[in-house]
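Right, one structure below, let's go through it.
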Amino acid sequence: MTNGPRFRFAPSPTGSFHVGGARTALHNWALARRLGGTFVLRIEDTDEARNRPEWTQGIIDALAWIGISADDPHFEGPHFQSEYAAAHVAAAHRLFEQGDAYYCDLSGEQIQERAKELGLSGYDGHSRDRGLGPGPGRVLRFRVPDGITVVNDLVRGEVSFENSTIEDFVLLRGNGTPVFLIANVVDDIEMGITHVVRAEEHLPNTPKQQMLWQALGHEPPQWAHVPVLVNEQRKKLSKRRDKVALEQYRDEGFLADAMVNYLMTLGWTPPGAEESGSEIASWPEIEAAFRLEDVTHSPAFFDVKKLAAFNGDYIRMMPLDEFIERAGAELPIEWDRARFTAIAPHIQERLTTLTEVPDKVDFLFWPDDSPIEYDEASWDKAFAADWARPLLDDVLEAYGAIAEWNADALKVALEDVMARYELKLGKAQAPVRVAVTGRSVGPPLFESLEVLGRYETLRRLSDANERAAARAG
RNA sequence: GCCCCCAUCGUCUAGUGGCCUAGGACACCACCCUUUCAAGGUGGCGGCACGGGUUCGAAUCCCGUUGGGGGUGCCA
């Protein structure tokens, strides 16, 4: 608990954690920490249709993954909106008693009919002065006052709304339960929230909420509406169409640091990016520099390609032992760790995500004497030239005679052979690589052979030789 | 329909009236390096939506147009 400004992040539990939510959480978190304030987590669980207890843990875990730790002194919560239901209702009743709200007994169909007749788009304020009291099936509506509501937004400046365009919105449903608008405001008031930083889609709600704050006798908070994240069609990222689950990116081998860094570059630029020629920035740097005033006003496309580029950078920046540990976790349990450790430095700079690791090194873990699965396209290309088979033959002989089985010796031996064919290393290594790994691309060849060992290397070379002979014949 | 927001390279952005012949990042292309593939280096392609103002001067200010997006529930 701190005395500074109080921010809040108020997701509704829906099963997976949206990357857009992660971004706004990060915004709130950066500000709360830098300003010596508090990040309040509130679970908006009042919609019973979509709410399960395990979703809450999912949110906490997701936040922890991106560095928003419930153990941090700047973190408060989780609070549950459902636990404040009595306060929501009480506030609504108070509004009724003050005359700021009134009951209405019109059904949805009736409202639509009236609107159609009157040429309006929504509720016409039919019950404003009918003096109805509470009763079953009656909703409580807020009496929107005349005038103009000006929302002061930290990212957009002043946004004004003509109150006449805002209909008298519902506070309490026919069954007496509160709706989001009032629940949200009452919670924010109860929790002493000073800054509401959320996605732009909430901007149209804001005048209504501001009126509620005022009617309830409080100064509205500082509002800030950050632009939404969109897909390639420029539509708001949605769970239905788009890949938005943070957990999914995590499972696909994306690093939290890369995700956080990338998310923060959407709508904002880390300091010094232009001078350094890089948008890579550590969280402390980001936290120290992030300001709502600097956030862009237009929606940003969530570009997985760029995320992947960041991820590759972050993998390369990892200390080797950390890389070995984390990449090793992606490997099948039965694969020999020492063997992986030996090849690890050679694959670290060749990755985009951690989950690619097994495919990069699998040839080192095939059981001895098992048949090699060749990629046919690679094979055909590597053995197309007529020198390929004789060269492989010579390499097999030369490697059989190698005294010290290490990368340098293996390279020298191949260079001796290829000289006879007047080939360059780039070409000469191709048949050897395909023979041993089954593919035309992979980690540096001689290091791979060193790790693979003499026995398997010779055996695979020999197998390939036979196959090449069979095909030639 | 109505309300609100937005508009710089394909994408993310820098830019707050002269420093802009518009800068960087991702992507793409070429070259270099090279043991394949990467990584790295160098270079290139590519943008201020349009039209009016204001001003000595506009990417930057104003108006309009067009185009996008969001909201418009007894969901959150």
Side-chain angles (χ1 to χ4, degrees), chain A residues 10-14 44-47 49-51 81 104 106-108 111 119-122 137-141 151 153 156 159-162 164-167 169-181 183-184 199-207 225 227-228 230 232-236 262 265-270 272-280 294 296-303 305-310 312-313 316 346-352 360 378 382 407 411 414-415 424-430 432-434 437 439-448:
Chain A
S12 56
T14 53
E44 308 224 318
D45 56 351
T46 45
D47 180 3
R50 43 168 165 162
N51 179 28
Q81 184 158 74
C104 176
L106 253 37
S107 69
I111 290 169
L120 295 172
S121 57
R138 292 181 179 176
V139 301
L140 183 67
R141 286 183 180 270
V151 169
D153 192 284
R156 284 154 211 283
V159 183
S160 53
F161 298 81
E162 187 68 52
S164 61
T165 65
I166 301 171
E167 68 178 41
F169 52 93
V170 172
L171 262 20
L172 255 28
R173 301 186 180 94
N175 63 8
T177 59
V179 303
F180 156 75
L181 244 18
N184 196 270
E200 185 191 357
E201 64 206 76
H202 289 285
L203 189 50
N205 289 328
T206 309
H225 291 91
V228 294
V230 297
E232 43 281 273
Q233 277 82 239
R234 303 247 113 215
K235 303 272 192 221
K236 188 174 73 165
Y262 174 64
T265 65
L266 263 22
W268 183 74
T269 312
E274 187 152 356
E275 298 75 59
S276 67
S278 167
E279 293 177 335
I280 301 295
D294 298 332
T296 294
H297 296 186
S298 41
F301 170 53
F302 184 79
D303 185 358
K305 271 194 171 165
K306 188 160 178 179
L307 204 213
F310 272 54
D313 284 343
R316 270 169 244 121
H346 303 291
I347 63 163
Q348 185 173 4
E349 68 181 17
R350 278 161 242 266
L351 297 169
T352 294
K360 286 270 191 287
S378 297
K411 184 182 181 201
L414 178 61
E415 284 171 338
K424 291 200 172 178
L425 196 46
K427 288 214 170 229
Q429 56 97 44
V432 178
R433 179 182 293 280
V434 173
T437 72
R439 296 185 293 259
S440 58
V441 300
L445 182 62
F446 307 109
E447 286 76 1
S448 299

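First the proteins, then the strands, lettered A, B, ... as listed; each starts at 1. Model, not experiment: these values are computed from the prediction.
Listed by chain and number, the residues in a salt bridge (Lys or Arg N to Asp or Glu O under 4.0 Å) with Glu415(A) are Lys411(A) (sequence neighbours excluded). Residues that satisfy the ring-ring contact (aromatic ring centres under 6.0 Å, His included) test with Phe310(A), not counting sequence neighbours, are Tyr262(A). Qualifying ring-ring contact (aromatic ring centres under 6.0 Å, His included) partners for Phe180(A), counting only residues two or more places apart in sequence or in other chains: none. Every side-chain hydrogen bond (donor to acceptor under 3.5 Å, both in side chains) that Ser440(A) has, sequence neighbours left out, goes to Ser378(A). Annotation: salt bridge (Lys or Arg N to Asp or Glu O under 4.0 Å) contacts of Glu201(A) (sequence neighbours excluded): Lys236(A). Under the side chain to side chain contact (heavy atoms under 4.5 Å, CB included) criterion, Ser160(A) pairs with Ile148(A), Val150(A), not counting sequence neighbours. Applying the side-chain hydrogen bond (donor to acceptor under 3.5 Å, both in side chains) test to Thr206(A) and every residue at least two apart in sequence or in another chain returns Arg198(A), His225(A). By the salt bridge (Lys or Arg N to Asp or Glu O under 4.0 Å) test, Arg138(A) is found to be paired with no residue, residues two or more places apart in sequence or in another chain being considered. Here Arg350(A) pairs with nothing under the salt bridge (Lys or Arg N to Asp or Glu O under 4.0 Å) rule; sequence neighbours left out.
Lys306(A) contributes no side-chain N or O that forms a donor-acceptor pair with the base of rA27(B) under 3.5 Å. With hydrogens and angles ignored, a donor-acceptor pair under 3.5 angstrom links the side chain of Glu279(A) to the base of rG24(B).
What separates CD1 of Ile280(A) from P of rG24(B) is a distance of 17 Å, to the nearest Å. Here rC74(B) presents its C1' atom at 14 Å from CZ of Phe169(A), a figure rounded to the nearest Å. Atom C1' of nucleotide rG10(B) and atom NZ of Lys305(A) are separated by 10 Å, given to the nearest angstrom. Look at CG on Leu181(A): it is 12 Å from C1' on rG71(B), rounded to the nearest Å.
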message: One character per nucleotide, please: for nucleotides 36-45 of chain B, 5' to 3', B when the base has a protein heavy atom closer than 4.0 Å, S when only the sugar-phosphate does, - otherwise.
response: BBBS------
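Of the nucleotides present, none pairs with rA59(B) by Watson-Crick or G-U wobble criteria with both distances under 3.5 Å. Base pairing of rG1(B): its partner is rU72(B), meeting the Watson-Crick or G-U wobble criterion (both donor-acceptor distances under 3.5 Å). Look at rC26(B): its Watson-Crick or wobble partner, with both distances under 3.5 angstrom, is rG10(B). Across the strands present, rU21(B) finds no partner; the criterion is a Watson-Crick or G-U wobble pair with both atom distances under 3.5 angstrom.
Across all strands shown, Gln81(A) has heavy atoms under 4.0 Å from sugar-phosphate atoms exclusively, and none from any base. Across all strands, Phe161(A) comes closer than 4.0 Å only to sugar-phosphate atoms, never to a base (heavy-atom distances). Within the 4.0 angstrom heavy-atom criterion, only backbone atoms of the sugar-phosphate kind lie near Gly277(A); the bases stay farther away. Thr206(A) comes within contact range of no nucleotide atom at all, as no heavy-atom separation falls under 4.0 Å. His202(A) comes within 4.0 angstrom of a base, heavy atoms only. Among the protein residues, Ala430(A) comes within range of no part of the nucleic acid, since none of its heavy atoms lies under 4.0 Å from any strand. The residue Gly267(A) sits close only to the backbone: its heavy atoms come under 4.0 Å of sugar-phosphate atoms, none of a base.
For Val139(A), counting side-chain heavy atoms from C-beta on, the closest listed nucleotide (rU13(B), rC74(B), rG71(B)) is rC74(B).
Distances shorter than 4.0 Å separate none of the side-chain N or O atoms of Ser276(A) from OP1 or OP2 on rA25(B). In this structure, His297(A) does not reach the rC5(B) phosphate: none of its side-chain N or O atoms is under 4.0 Å from OP1 or OP2.
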Enumerate the protein-to-nucleotides 32-34 of chain B contacts in which both atoms are nitrogen or oxygen and the separation is below 3.5 Å.
none

Distances under 3.5 Å only, N/O to N/O: pair up the protein atoms with those of nucleotides 58-69 of chain B.
from, atom 1, to, atom 2, distance (Å)
rG69(B), OP1, Lys235(A), NZ, 2.5

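Distance check, rounded to the nearest 0.5 Å: SG of Cys104(A) to CD1 of Ile111(A) gives 5.5 Å.
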